[in-house]
Number of protein chains: 2
Amino acid sequence: MKISTKGRYALRLMLDLALNNTGEPVSLKDIAKRQEISDKYLEQIISVLNKAKYVQSIRGAQGGYVLTKKPEEYTVGMILRLTEGSLAPVACVEEDYNCERMSDCTTVLVWKKINDAVNEVVDHITLADLRDYEMQKAGEYVI
Amino acid sequence: MKISTKGRYALRLMLDLALNNTGEPVSLKDIAKRQEISDKYLEQIISVLNKAKYVQSIRGAQGGYVLTKKPEEYTVGMILRLTEGSLAPVACVEEDYNCERMSDCTTVLVWKKINDAVNEVVDHITLADLRDYEMQKAGEYVI
DNA sequence: ATTAATTCCTATTGACATACTATGAATTGG
DNA sequence: CCAATTCATAGTATGTCAATAGGAATTAAT
(Lines give C-alpha, C1' and ligand atoms only; values in the text may rest on other atoms or scores of the structure.)
Protein backbone atom coordinates (compact mmCIF):
# COMPACT_ATOMS: atom_id res chain seq x y z
CA MET A 1 0.00 0.00 0.00
CA LYS A 2 2.90 2.31 -0.70
CA ILE A 3 3.43 5.19 -3.07
CA SER A 4 6.78 4.67 -4.77
CA THR A 5 9.63 7.12 -5.08
CA LYS A 6 8.54 7.85 -8.60
CA GLY A 7 5.32 9.47 -7.48
CA ARG A 8 6.82 11.06 -4.42
CA TYR A 9 9.73 12.55 -6.32
CA ALA A 10 7.41 13.73 -9.08
CA LEU A 11 5.37 15.65 -6.57
CA ARG A 12 8.43 17.23 -4.99
CA LEU A 13 9.74 18.07 -8.43
CA MET A 14 6.52 19.75 -9.47
CA LEU A 15 6.32 21.61 -6.18
CA ASP A 16 9.87 22.79 -6.69
CA LEU A 17 8.90 24.12 -10.10
CA ALA A 18 5.86 25.83 -8.61
CA LEU A 19 8.04 27.51 -6.01
CA ASN A 20 10.49 28.65 -8.69
CA ASN A 21 7.86 29.62 -11.19
CA THR A 22 9.48 32.81 -12.46
CA GLY A 23 9.16 32.17 -16.17
CA GLU A 24 12.85 31.30 -16.40
CA PRO A 25 13.58 27.63 -17.03
CA VAL A 26 14.75 25.69 -13.99
CA SER A 27 17.44 23.11 -14.64
CA LEU A 28 17.01 19.59 -13.39
CA LYS A 29 20.41 19.77 -11.79
CA ASP A 30 19.20 22.55 -9.52
CA ILE A 31 16.05 20.71 -8.60
CA ALA A 32 18.01 17.55 -7.89
CA LYS A 33 20.38 19.48 -5.65
CA ARG A 34 17.61 21.19 -3.71
CA GLN A 35 15.61 18.02 -3.34
CA GLU A 36 18.62 15.79 -2.76
CA ILE A 37 17.50 13.31 -5.37
CA SER A 38 19.66 11.62 -8.02
CA ASP A 39 19.46 13.84 -11.08
CA LYS A 40 19.68 10.87 -13.41
CA TYR A 41 16.65 9.33 -11.78
CA LEU A 42 14.80 12.64 -11.90
CA GLU A 43 15.46 12.77 -15.63
CA GLN A 44 13.37 9.67 -16.11
CA ILE A 45 10.60 11.03 -13.98
CA ILE A 46 10.44 14.43 -15.61
CA SER A 47 10.44 12.76 -19.00
CA VAL A 48 7.03 11.36 -18.13
CA LEU A 49 5.79 14.75 -16.99
CA ASN A 50 7.17 16.28 -20.16
CA LYS A 51 5.49 13.78 -22.47
CA ALA A 52 2.20 14.45 -20.70
CA LYS A 53 2.78 18.20 -21.22
CA TYR A 54 2.73 18.86 -17.50
CA VAL A 55 6.03 20.65 -17.97
CA GLN A 56 7.69 22.23 -20.97
CA SER A 57 11.37 21.62 -21.58
CA ILE A 58 13.87 24.13 -22.93
CA ARG A 59 16.85 22.33 -24.38
CA GLY A 60 20.48 23.36 -24.55
CA ALA A 61 22.62 25.43 -22.24
CA GLN A 62 20.69 27.57 -19.79
CA GLY A 63 17.79 25.26 -20.52
CA GLY A 64 15.51 23.57 -18.09
CA TYR A 65 11.83 23.14 -17.38
CA VAL A 66 8.82 25.30 -16.69
CA LEU A 67 5.27 24.45 -15.71
CA THR A 68 2.85 24.62 -18.62
CA LYS A 69 -0.09 25.55 -16.42
CA LYS A 70 -0.77 27.57 -13.33
CA PRO A 71 -0.07 25.72 -10.06
CA GLU A 72 -3.80 25.97 -9.31
CA GLU A 73 -4.47 23.71 -12.26
CA TYR A 74 -2.47 20.69 -11.11
CA THR A 75 -3.97 18.43 -8.53
CA VAL A 76 -1.85 16.01 -6.57
CA GLY A 77 -4.01 13.28 -8.05
CA MET A 78 -3.06 14.19 -11.61
CA ILE A 79 0.61 14.05 -10.82
CA LEU A 80 0.49 10.83 -8.82
CA ARG A 81 -1.72 9.01 -11.29
CA LEU A 82 0.52 9.99 -14.17
CA THR A 83 3.70 8.77 -12.52
CA GLU A 84 2.39 5.94 -10.34
CA GLY A 85 -0.40 4.65 -12.49
CA SER A 86 -3.77 4.08 -10.89
CA LEU A 87 -4.06 4.81 -7.19
CA ALA A 88 -6.76 2.18 -6.71
CA PRO A 89 -5.94 -0.17 -3.83
CA VAL A 90 -6.93 -3.19 -5.90
CA ALA A 91 -7.32 -3.74 -9.63
CA CYS A 92 -10.99 -4.59 -9.38
CA VAL A 93 -12.10 -1.06 -8.55
CA GLU A 94 -10.36 0.38 -11.59
CA GLU A 95 -12.21 1.45 -14.70
CA ASP A 96 -13.51 -1.34 -16.91
CA TYR A 97 -12.04 -4.12 -14.87
CA ASN A 98 -13.85 -7.40 -15.03
CA CYS A 99 -13.83 -10.20 -12.50
CA GLU A 100 -16.12 -13.18 -12.38
CA ARG A 101 -16.49 -12.96 -8.64
CA MET A 102 -17.49 -9.30 -8.85
CA SER A 103 -21.17 -9.78 -8.12
CA ASP A 104 -20.49 -12.09 -5.16
CA CYS A 105 -17.56 -10.19 -3.81
CA THR A 106 -18.30 -8.37 -0.60
CA THR A 107 -14.81 -7.17 0.12
CA VAL A 108 -14.90 -5.01 -2.99
CA LEU A 109 -17.09 -2.72 -0.89
CA VAL A 110 -14.07 -2.00 1.28
CA TRP A 111 -11.78 -1.36 -1.67
CA LYS A 112 -14.25 1.05 -3.18
CA LYS A 113 -14.46 3.05 0.00
CA ILE A 114 -10.70 3.22 0.30
CA ASN A 115 -10.48 4.24 -3.32
CA ASP A 116 -13.03 7.01 -2.87
CA ALA A 117 -11.35 8.27 0.27
CA VAL A 118 -7.95 8.48 -1.40
CA ASN A 119 -9.34 10.17 -4.49
CA GLU A 120 -11.19 12.68 -2.36
CA VAL A 121 -7.90 13.73 -0.82
CA VAL A 122 -5.61 13.82 -3.83
CA ASP A 123 -8.12 15.45 -6.17
CA HIS A 124 -8.66 18.38 -3.83
CA ILE A 125 -5.12 19.41 -3.14
CA THR A 126 -3.42 21.49 -5.82
CA LEU A 127 0.20 22.43 -6.36
CA ALA A 128 -0.81 25.97 -5.42
CA ASP A 129 -2.02 24.74 -2.03
CA LEU A 130 1.30 23.07 -1.37
CA ARG A 131 3.26 26.05 -2.65
CA ASP A 132 1.32 28.44 -0.40
CA TYR A 133 1.73 26.15 2.57
CA GLU A 134 5.47 25.95 2.06
CA MET A 135 5.85 29.70 1.54
CA GLN A 136 3.82 30.48 4.60
CA LYS A 137 5.79 28.00 6.65
CA ALA A 138 9.05 29.62 5.51
CA GLY A 139 7.72 33.00 6.60
CA GLU A 140 6.97 31.83 10.12
CA TYR A 141 10.53 32.20 11.25
CA VAL A 142 11.19 35.60 9.68
CA ILE A 143 10.60 37.65 12.80
CA MET B 1 -0.47 1.85 -4.00
CA LYS B 2 -1.87 -1.67 -3.99
CA ILE B 3 -3.05 -3.99 -1.31
CA SER B 4 -1.46 -7.38 -1.93
CA THR B 5 -3.17 -10.73 -2.19
CA LYS B 6 -2.06 -11.48 1.33
CA GLY B 7 -4.28 -8.80 2.82
CA ARG B 8 -7.10 -9.36 0.38
CA TYR B 9 -7.17 -13.10 0.91
CA ALA B 10 -6.91 -12.64 4.67
CA LEU B 11 -10.01 -10.49 4.63
CA ARG B 12 -11.95 -12.97 2.50
CA LEU B 13 -10.77 -15.77 4.73
CA MET B 14 -11.93 -14.00 7.87
CA LEU B 15 -15.22 -13.10 6.27
CA ASP B 16 -15.69 -16.71 5.29
CA LEU B 17 -15.13 -17.71 8.91
CA ALA B 18 -17.61 -15.08 10.06
CA LEU B 19 -20.21 -16.41 7.66
CA ASN B 20 -19.61 -19.97 8.88
CA ASN B 21 -19.35 -19.07 12.52
CA THR B 22 -21.28 -22.01 13.95
CA GLY B 23 -18.82 -23.03 16.63
CA GLU B 24 -17.71 -26.01 14.53
CA PRO B 25 -14.20 -25.69 13.11
CA VAL B 26 -14.01 -24.80 9.43
CA SER B 27 -11.25 -26.50 7.47
CA LEU B 28 -8.93 -24.47 5.33
CA LYS B 29 -9.64 -26.78 2.42
CA ASP B 30 -13.28 -25.74 2.48
CA ILE B 31 -12.42 -22.07 2.69
CA ALA B 32 -9.95 -22.42 -0.15
CA LYS B 33 -12.56 -24.16 -2.26
CA ARG B 34 -15.25 -21.56 -1.61
CA GLN B 35 -12.90 -18.66 -2.14
CA GLU B 36 -11.05 -20.26 -5.05
CA ILE B 37 -7.69 -19.57 -3.51
CA SER B 38 -4.71 -21.93 -3.32
CA ASP B 39 -5.00 -23.77 -0.01
CA LYS B 40 -1.25 -23.94 0.37
CA TYR B 41 -1.05 -20.19 0.11
CA LEU B 42 -3.93 -19.73 2.52
CA GLU B 43 -2.05 -21.84 5.03
CA GLN B 44 0.67 -19.24 5.22
CA ILE B 45 -1.83 -16.47 5.62
CA ILE B 46 -3.89 -18.11 8.30
CA SER B 47 -0.73 -18.96 10.17
CA VAL B 48 -0.25 -15.22 10.71
CA LEU B 49 -3.83 -14.82 11.88
CA ASN B 50 -3.39 -17.78 14.17
CA LYS B 51 -0.19 -16.48 15.76
CA ALA B 52 -1.95 -13.18 16.40
CA LYS B 53 -4.83 -15.09 18.02
CA TYR B 54 -7.32 -13.75 15.51
CA VAL B 55 -8.34 -17.35 14.89
CA GLN B 56 -8.02 -20.50 16.90
CA SER B 57 -6.88 -23.69 15.23
CA ILE B 58 -8.11 -27.20 15.97
CA ARG B 59 -5.60 -29.76 14.76
CA GLY B 60 -6.11 -33.26 13.44
CA ALA B 61 -8.89 -34.81 11.41
CA GLN B 62 -12.14 -32.86 11.48
CA GLY B 63 -10.05 -29.93 12.61
CA GLY B 64 -10.04 -26.42 11.26
CA TYR B 65 -10.31 -22.89 12.46
CA VAL B 66 -12.75 -20.72 14.39
CA LEU B 67 -12.81 -17.01 15.14
CA THR B 68 -11.62 -16.19 18.64
CA LYS B 69 -13.79 -13.08 18.89
CA LYS B 70 -17.16 -11.89 17.74
CA PRO B 71 -17.22 -10.56 14.17
CA GLU B 72 -18.09 -7.13 15.61
CA GLU B 73 -14.71 -7.04 17.27
CA TYR B 74 -12.58 -7.32 14.15
CA THR B 75 -12.08 -4.22 12.06
CA VAL B 76 -10.88 -4.44 8.49
CA GLY B 77 -7.95 -2.30 9.60
CA MET B 78 -6.82 -4.87 12.15
CA ILE B 79 -6.83 -7.64 9.60
CA LEU B 80 -5.12 -5.67 6.86
CA ARG B 81 -2.45 -4.21 9.12
CA LEU B 82 -1.64 -7.61 10.53
CA THR B 83 -1.21 -9.25 7.15
CA GLU B 84 -0.02 -6.33 5.02
CA GLY B 85 1.97 -4.43 7.57
CA SER B 86 1.39 -0.70 7.85
CA LEU B 87 -1.17 0.81 5.52
CA ALA B 88 0.64 4.16 5.46
CA PRO B 89 1.23 5.39 1.89
CA VAL B 90 4.81 6.36 2.73
CA ALA B 91 7.16 5.34 5.53
CA CYS B 92 7.49 8.85 6.89
CA VAL B 93 3.96 8.99 8.28
CA GLU B 94 4.43 5.79 10.25
CA GLU B 95 4.99 5.76 13.99
CA ASP B 96 8.41 6.86 15.18
CA TYR B 97 9.84 7.30 11.75
CA ASN B 98 12.58 9.85 11.46
CA CYS B 99 13.66 11.77 8.39
CA GLU B 100 15.96 14.76 8.30
CA ARG B 101 13.80 16.54 5.76
CA MET B 102 10.72 16.11 7.93
CA SER B 103 10.48 19.72 9.08
CA ASP B 104 10.96 21.09 5.54
CA CYS B 105 8.88 18.54 3.80
CA THR B 106 5.62 19.90 2.49
CA THR B 107 4.49 16.82 0.63
CA VAL B 108 4.23 14.94 3.90
CA LEU B 109 1.04 16.93 4.39
CA VAL B 110 -0.47 15.01 1.49
CA TRP B 111 0.67 11.64 2.79
CA LYS B 112 -0.77 12.36 6.21
CA LYS B 113 -4.13 13.19 4.72
CA ILE B 114 -4.15 10.04 2.63
CA ASN B 115 -3.15 8.03 5.66
CA ASP B 116 -5.93 9.53 7.78
CA ALA B 117 -8.51 8.96 5.06
CA VAL B 118 -7.59 5.30 4.65
CA ASN B 119 -7.54 4.68 8.39
CA GLU B 120 -10.91 6.34 8.78
CA VAL B 121 -12.36 3.81 6.33
CA VAL B 122 -10.71 0.61 7.48
CA ASP B 123 -11.08 1.26 11.19
CA HIS B 124 -14.84 1.73 10.90
CA ILE B 125 -15.80 -1.37 8.99
CA THR B 126 -16.04 -4.58 10.96
CA LEU B 127 -16.30 -8.20 9.91
CA ALA B 128 -19.89 -8.11 11.16
CA ASP B 129 -20.68 -5.27 8.73
CA LEU B 130 -19.34 -7.31 5.84
CA ARG B 131 -21.06 -10.48 7.00
CA ASP B 132 -24.39 -8.67 7.29
CA TYR B 133 -23.95 -7.07 3.91
CA GLU B 134 -23.24 -10.41 2.27
CA MET B 135 -26.13 -12.15 4.02
CA GLN B 136 -28.56 -9.43 3.10
CA LYS B 137 -27.35 -9.50 -0.51
CA ALA B 138 -27.90 -13.26 -0.65
CA GLY B 139 -31.44 -12.79 0.64
CA GLU B 140 -32.39 -10.36 -2.09
CA TYR B 141 -33.15 -13.11 -4.53
CA VAL B 142 -35.17 -15.30 -2.21
CA ILE B 143 -38.60 -14.15 -3.41
C1' DA C 1 -3.70 -49.63 15.84
C1' DT C 2 -4.29 -47.83 11.51
C1' DT C 3 -5.79 -44.55 8.37
C1' DA C 4 -7.21 -40.38 6.65
C1' DA C 5 -7.75 -35.69 7.37
C1' DT C 6 -6.07 -31.97 8.97
C1' DT C 7 -2.76 -28.23 10.82
C1' DC C 8 2.12 -26.72 11.09
C1' DC C 9 6.72 -25.49 9.41
C1' DT C 10 10.30 -24.27 6.28
C1' DA C 11 12.43 -23.91 1.90
C1' DT C 12 12.36 -22.79 -2.97
C1' DT C 13 11.06 -20.60 -7.21
C1' DG C 14 9.89 -17.62 -11.19
C1' DA C 15 8.28 -13.41 -12.46
C1' DC C 16 8.18 -8.82 -11.86
C1' DA C 17 8.95 -4.18 -9.87
C1' DT C 18 11.84 -0.79 -7.72
C1' DA C 19 15.32 2.45 -7.61
C1' DC C 20 18.57 3.53 -9.39
C1' DT C 21 23.36 3.93 -12.47
C1' DA C 22 25.62 4.33 -17.01
C1' DT C 23 26.49 5.80 -21.57
C1' DG C 24 26.10 8.64 -25.03
C1' DA C 25 23.46 11.35 -28.56
C1' DA C 26 21.11 15.77 -29.63
C1' DT C 27 20.45 20.64 -28.80
C1' DT C 28 21.62 25.37 -27.94
C1' DG C 29 23.23 29.79 -25.45
C1' DG C 30 27.40 32.24 -24.78
C1' DC D 1 33.44 25.88 -30.68
C1' DC D 2 32.33 24.54 -25.98
C1' DA D 3 29.95 23.78 -22.00
C1' DA D 4 25.58 23.02 -20.21
C1' DT D 5 21.68 21.06 -20.71
C1' DT D 6 17.78 17.74 -22.26
C1' DC D 7 16.70 13.20 -24.44
C1' DA D 8 16.81 8.19 -25.07
C1' DT D 9 17.89 3.69 -23.98
C1' DA D 10 20.12 -0.02 -21.65
C1' DG D 11 21.75 -2.32 -17.67
C1' DT D 12 21.75 -3.88 -12.76
C1' DA D 13 21.28 -5.13 -7.98
C1' DT D 14 17.95 -5.92 -4.73
C1' DG D 15 13.77 -7.06 -3.07
C1' DT D 16 8.83 -8.40 -3.09
C1' DC D 17 5.02 -11.10 -4.62
C1' DA D 18 2.47 -15.04 -5.17
C1' DA D 19 2.68 -18.88 -5.00
C1' DT D 20 4.44 -24.24 -5.00
C1' DA D 21 6.60 -28.17 -2.66
C1' DG D 22 7.55 -31.54 0.76
C1' DG D 23 6.99 -33.42 4.74
C1' DA D 24 6.34 -33.53 10.02
C1' DA D 25 2.95 -33.45 13.79
C1' DT D 26 -1.65 -34.11 15.50
C1' DT D 27 -6.07 -36.27 16.07
C1' DA D 28 -10.92 -38.09 15.01
C1' DA D 29 -12.96 -41.99 13.14
C1' DT D 30 -12.82 -46.79 12.04
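Quick note on labels: first sequence line is chain A, next is B, and so on, each numbered from 1.
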[X] with [Y]: basic N within carboxylate O range, under 4.0 Å:
| X | Y | answer |
| --- | --- | --- |
| B:E120 | A:K113 | no |
| A:D104 | B:R34 | no |
| B:K2 | A:E94 | yes |
| B:K137 | B:D132 | no |

Specify the separation, in whole Å, of atom [atom1] of [X] and atom [atom2] of [N].
| X | N | atom1 | atom2 | answer |
| --- | --- | --- | --- | --- |
| B:D39 | D:dA19 | CG | C1' | 12 Å |
| B:I45 | D:dC17 | CD1 | C1' | 11 Å |
| B:K6 | D:dT16 | NZ | P | 11 Å |
| A:L42 | D:dC7 | CG | P | 13 Å |
| A:Q44 | D:dT12 | CD | C1' | 12 Å |
| B:I3 | D:dC17 | CD1 | C1' | 15 Å |
| A:K29 | D:dA4 | NZ | P | 7 Å |
| A:M1 | D:dT16 | CE | P | 18 Å |

Exercise for review: Record whether the side chain of B:K40 comes under 3.5 Å of the base of D:dG23 through a donor-acceptor pair of N or O atoms.
Suggested key: yes
Exercise for review: Decide yes or no, distance alone: a donor-acceptor N/O pair under 3.5 angstrom between the base of D:dT26 and the side-chain of B:R59.
Suggested key: no
Pick base, sugar-phosphate or nothing for [X], based on heavy-atom distances below 4.0 Å to the nucleic acid.
| X | value |
| --- | --- |
| A:I46 | nothing |
| A:S4 | sugar-phosphate |
| A:L28 | sugar-phosphate |

May I ask you to evaluate whether [X] reaches the phosphate of [N], defined as a side-chain N or O under 4.0 Å from OP1 or OP2?
| X | N | result |
| --- | --- | --- |
| B:Y9 | D:dA19 | yes |
| B:S38 | D:dA19 | no |
| A:N50 | D:dC7 | yes |

Revision key, fill the gap. Outer limits of DNA chain C sitting under 4.0 Å from a non-hydrogen atom of chain A, read 5' to 3', are C:dA19 to C:dG29
Review point. Taking it one step at a time, do B:R131 and B:N20 satisfy side-chain hydrogen bond (donor to acceptor under 3.5 Å, both in side chains)?
Key: CA-CA 10 Å; B:R131 176 202 59 193; B:N20 296 282; over 6 Å; no
Exercise for review: Write down the atom of B:N50, the atom of B:V55, and the distance for their closest heavy-atom approach.
Suggested key: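 Scanning both residues completely, I find the closest heavy atoms to be OD1-O, 3.2 Å.
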Practice item. Heavy atoms only: give me the nearest B:L42-B:L13 pair and the separation to one decimal. Key: CD2-CD1, 3.6 Å
Check your understanding: Would you say A:V66 and A:L15 are hydrophobically clustered, going by side-chain heavy atoms of ILVMFWY under 4.5 Å?
Key ->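 Different clusters: A:V66 never reaches A:L15 through Ile, Leu, Val, Met, Phe, Trp or Tyr contacts under 4.5 Å.
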Point to revise | Comparing A:Q62 and A:Y41 on DNA chain C - which has the more 5′ nearest nucleotide | key: A:Y41
**Study point:** Nearest-nucleotide pick for A:S27, side chain only, options being D:dT5, D:dC7, D:dA18
**Key:** D:dT5
